[in-house]
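Scroll down for the structure; my scribbles are underneath it.
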Number of protein chains: 2
Amino acid sequence: MHVDPHLLRTFVTVAECGSFSAAASRLGYTQSAVSQHIATLESDLGTPLLRRRPVVPTPAGERLLEHAGPILLRLDAARADVRRTVADPPSTLTLAASPLAARSLATALAEVRRTYPGTETSLTVCGRDQVVAGIAAGTFTLGLVDGIATPSDPLNLTNAVQLRTTSVAHDSLVVALPTTHPLARPGRGLSLSDLADARWIDAPDLAAPLATLRAAAGSDALRPAFTYNGTDLHTLLTLIDSGHGLAVLPRSALTPNVAAVPLTTPRLVHRTELLHGHLSDPAAEAVATALSDHE
Amino acid sequence: MHVDPHLLRTFVTVAECGSFSAAASRLGYTQSAVSQHIATLESDLGTPLLRRRPVVPTPAGERLLEHAGPILLRLDAARADVRRTVADPPSTLTLAASPLAARSLATALAEVRRTYPGTETSLTVCGRDQVVAGIAAGTFTLGLVDGIATPSDPLNLTNAVQLRTTSVAHDSLVVALPTTHPLARPGRGLSLSDLADARWIDAPDLAAPLATLRAAAGSDALRPAFTYNGTDLHTLLTLIDSGHGLAVLPRSALTPNVAAVPLTTPRLVHRTELLHGHLSDPAAEAVATALSDHE
DNA sequence: CATGGTCGATCAGCGATACTGATGCACGTG
DNA sequence: CACGTGCATCAGTATCGCTGATCGACCATG
């Protein structure tokens, strides 16, 4: 017997809420039902998944959580994908992009609007995960996501959903620092290990998330001195220029008012990828081909 | 409400069997139950999924089928992954590899057996999909899969399961042809488009599947003149040498009795990747690190 | 140390569900 | 044209999954 997605859903909700009763009201169940859900899930898997009071996932629960999100996403994606084949293609082109990826759109989009003048277009800028989820759920027809990766690998998207991805652009990474910074000498590259103890700005929605950099550098340092939860590039650059800290950004994102030193080790690149489900709309297809990386 | 995995499972079984009643007996249900499953699935998604008599999937059904397999696999993987954290690590190291990937194992394995002499080892050579499925289901702790891909991309494995993958080796591709073949001149490369109308041997379990090559070349040609469903490299090389056709193989797989001309376009590489779930076993971890690509 | 409050576990009960087995109906076949 | 195969449908039943009530453990408070 398979793991029941309903139980999975209440499980992730409980884990998010940290409370059975809160999850119950969020899901429109009674606390009793939630308790039973977790109980059957635990007896089904033969191991406790949550420690109660306070409610925290056990190691086994952590493992299950890693799977649960993608599975639920994928189930929704399947439904959306099926509905897409039966419904006729929408007249509006709905696009989604993560903040730094959006810039790749303008030119390609202009070209397409010339050949398909009738299509209404909408663009939503949101977080990477939301782009993926939106594409999976069919809310968006085309998505652009940017991120950092090792040169030979693609972005490691929530690899749950069978989405077609194509590389749209790649760019080198630089360490952005104030022009007055001692390391702001052009010509030389920097290694992350040299900067382990620097003041870092973590701007996970915009720049390379520090957690990703830590993983790539295999370092436990690189702790944020400042966290910027926002998507406005100008604000981040101003923060950097004012000396609040450094950030790793794609070279093309920089303006002259901050200094940029190439990041040499670990070898990472900035990459933006196009993702979509099955395309039935010719206009969407045109955008997709217009965007494809002409390396 | 989510799509019910049970219904999904009977749906794929029906699609495989091409018959409701056959699927019913395969699943241990009555024909009535299967019919009801399909009916609820169709009403749930609001569209017919199967055309009856004969039983073939509708376009919408095809789309669902693409999702169904990965989803079911992933559900099993989740269960297996959870069970793995609770059960103590097995004493035997179970390895799986696709035929051409297996060769990468021997040296790394020897090194590990020196440091962990106690561990019993088993190696299963099977198809790529079965390696993935086995890793997902927890039957194998470590898997090696080979395949072809564009230079900057990893292998496109059944991207349903959240498996950790690491590149183990990469190799250039060559067109293998009989030594007497007119194109068997060393030094020059070949393009697939030059060979569109050649006699091809499709050996999907061993060499680059022709379907993959067609997709990469964007060509409708490259039709198999001969299909070899087997995993023995020597047999395939003999077939090639005897003039039954050409095949695209990694350079390292070749022996001197066939000629090899580098494949230049499309730009593709042969790559073998290591995949596994969470590793709790130190010996398995040692194998994993020993195998990692020291580029 | 006593007490009230919160939160999860448990239980009884009931409505919905998911099967089986029997029958009906459509299509392909001899 | 009749028959047989194979899916759809229907009634019946056992089980499941929910609610609402109750219980018990733990925490905060005076």
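We name chains A, B, ... by the order of the sequence lines, and we start the count at 1 in each one.
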*Would you sort out whether Val132(A) and Leu275(A) count as a side-chain contact (heavy atoms from CB on, under 4.5 Å), showing the intermediate values?*
CA-CA 8 Å; Val132(A) 176; Leu275(A) 47 154; 4.1 Å; yes
*Measure the distance from CG on Leu27(B) to C1' on dA18(C) and round it to the nearest whole Å.*
15 Å
_Check: Glu62(B)/Thr58(B) side-chain N/O donor and acceptor closer than 3.5 Å_ = no
*Can you tell me how far C1' of dC7(D) sits from CG of Leu49(B), to the nearest Å?*
16 Å
*Return yes if a side-chain donor-acceptor contact under 3.5 Å exists between Arg74(A) and His67(B), otherwise no.*
yes
*Round to a whole Å and report the spacing from NE2 of His6(A) to P of dG17(D).*
10 Å
_Can you measure Leu41(A) atom CG to dG17(D) atom C1' for me and round it to whole angstrom units?_
15 Å
_Check: Ser35(B) side chain, dT9(D) base, donor-acceptor under 3.5 Å_ = no
*asked:* Does Val55(A) reach a base, just sugar-phosphate, or nothing at all? Heavy atoms under 4.0 Å.
replied: sugar-phosphate
*Give a yes or no on whether a donor-acceptor pair under 3.5 Å exists between the nucleobase atoms of dT10(C), that is its base, and the side chain of Ser32(A).*
yes
*Electrostatic pair Asp146(A)-Arg128(A), nearest N-O below 4.0 angstrom*: yes
*Interatomic distance, Phe20(B) CZ vs dA26(C) C1' [rounded to whole Å]*: 14 Å
*Please state how far atom CZ in Arg52(A) lies from atom P in dG24(D), giving the value in whole angstrom units.*
19 Å
*Check: Gln36(B) side chain, dA18(C) base, donor-acceptor under 3.5 Å*: no
*Rounded to the nearest angstrom, tell me the gap between atom CZ in Arg51(A) and atom C1' in dC26(D).*
17 Å
*asked:* Run Asp44(A) and Arg79(B) through salt bridge (Lys or Arg N to Asp or Glu O under 4.0 Å) and show every step you take.
replied: CA-CA 9 Å; Asp44(A) 193 25; Arg79(B) 143 171 264 117; 3.3 Å; yes
*With heavy atoms under 4.0 Å as the rule, sort Ser19(B) into base, sugar-phosphate or nothing.*
sugar-phosphate
_Rounded interatomic separation in angstrom, taking CD1 from Ile38(A) and C1' from dC7(C)_ = 14 Å
*Hey, does Gly18(B) reach any base, or is it just sugar-phosphate, or nothing, if we go heavy atoms under 4.0 Å?*
nothing
*DNA chain C: Thr40(B) or Gln31(B), which has the more 5' nearest nucleotide?*
Thr40(B)
*Please state whether the phosphate of dC19(C), meaning OP1 or OP2, lies under 4.0 angstrom from any side-chain nitrogen or oxygen of His37(B).*
yes
*Contact class for Thr30(B) vs. all strands (heavy atom < 4.0 Å): base, sugar-phosphate, or nothing?*
base
*Just to confirm, is there a sub-4.0 Å distance from OP1 or OP2 of dC18(D) to any side-chain nitrogen or oxygen of Tyr29(A)?*
yes
